[in-house]
Amino acid sequence: AQYAEILGIEDLSENGIETPIYGVTGEEKIGYAHDIVIQFGSYSIHTNVIFLPDMPDQHKAILGQEGFFDVGTIKFKYKKRMFEISVSDL
């Protein structure tokens, strides 16, 4: 939920669509889907993001396959703590 607050979403359930999600353990969690726009330079990506109200601060979030990873080529440079996005192949 900490990321939602940064984006100005105060109440996850308000205007959010209740969405069940499952982690690697198979345990169901309830999240709230919101449409957002992610800006990278001059490119905008309109996508749907599910926020978890009880996600601990130490956990990291990752965007999903649809609406983010399908927009182009994404390279992770873990040691440099960076990633690159190329949308030229769209």
Side-chain angles (χ1 to χ4, degrees):
Q2 69 271 27
Y3 298 108
E5 293 169 4
I6 292 169
L7 296 170
I9 301 170
E10 300 288 329
D11 181 357
L12 293 179
S13 62
E14 183 179 328
N15 299 321
I17 299 170
E18 190 173 297
T19 307
I21 62 168
Y22 303 88
V24 294
T25 64
E27 180 184 358
E28 179 181 287
K29 297 271 188 180
I30 298 298
Y32 296 90
H34 289 265
D35 290 322
I36 66 165
V37 177
I38 302 172
Q39 188 80 30
F40 295 102
S42 61
Y43 294 99
S44 296
I45 299 170
H46 297 261
T47 190
N48 190 273
V49 175
I50 300 171
F51 297 98
L52 294 175
D54 59 350
M55 185 171 180
D57 288 341
Q58 72 270 20
H59 288 136
K60 303 298 180 205
I62 191 162
L63 294 169
Q65 293 179 30
E66 294 178 12
F68 185 72
F69 286 115
D70 61 350
V71 301
T73 302
I74 301 172
K75 295 180 186 177
F76 289 94
K77 296 182 176 186
Y78 184 79
K79 289 183 180 180
K80 292 184 179 182
R81 303 183 67 81
M82 295 175 53
F83 66 94
E84 295 177 1
I85 300 174
S86 173
V87 293
S88 60
D89 56 342
L90 292 178

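- The neighbour count for Ile30 CD1, taken as heavy atoms of other residues, nucleotides or ligands under 6.0 Å away, is above 12.
- Not a single side chain to side chain donor-acceptor pair (under 3.5 Å) links Tyr78 to another residue, sequence neighbours left out.
- The side chain to side chain donor-acceptor pair (under 3.5 Å) test applied to Ser13 returns Asp11, not counting sequence neighbours.
- Contact between Ile50 and Gly31 at its shortest, heavy atoms only, is CG2-CA, 3.7 Å.
- By the salt bridge (Lys or Arg N to Asp or Glu O under 4.0 Å) test, Lys77 pairs with Glu84, sequence neighbours left out.
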When you look at Ile17 and Asn48, which way does the side chain to side chain contact (heavy atoms under 4.5 Å, CB included) test go after all the steps?
CA-CA 10 Å; Ile17 299 170; Asn48 190 273; 5.6 Å; no

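- Hydrophobic cluster membership is shared by Ile74 and Ile38, with clusters built from Ile, Leu, Val, Met, Phe, Trp and Tyr side chains linked at under 4.5 angstrom.
- Residue Leu7 is grouped with residue Ile45 when hydrophobic side chains (ILVMFWY) are merged at heavy-atom distances under 4.5 angstrom, including chains of intermediate members.
- Taken from CG in Asn15 to NE2 in His34, the straight-line distance is 7.0 Å, to the nearest 0.5 Å.
- Minimum heavy-atom separation, Phe51 to Pro53: O-CD, 3.8 Å.
- Taking OH of Tyr32 as the start and OG1 of Thr19 as the end, the distance is 9.0 Å to the nearest 0.5 Å.
- Note on Tyr22: it does not cluster hydrophobically with Val49, by side-chain heavy-atom contacts below 4.5 Å among ILVMFWY residues.
- With hydrophobic clusters built from ILVMFWY side chains whose heavy atoms lie under 4.5 angstrom apart, Phe83 shares a cluster with Ile36.
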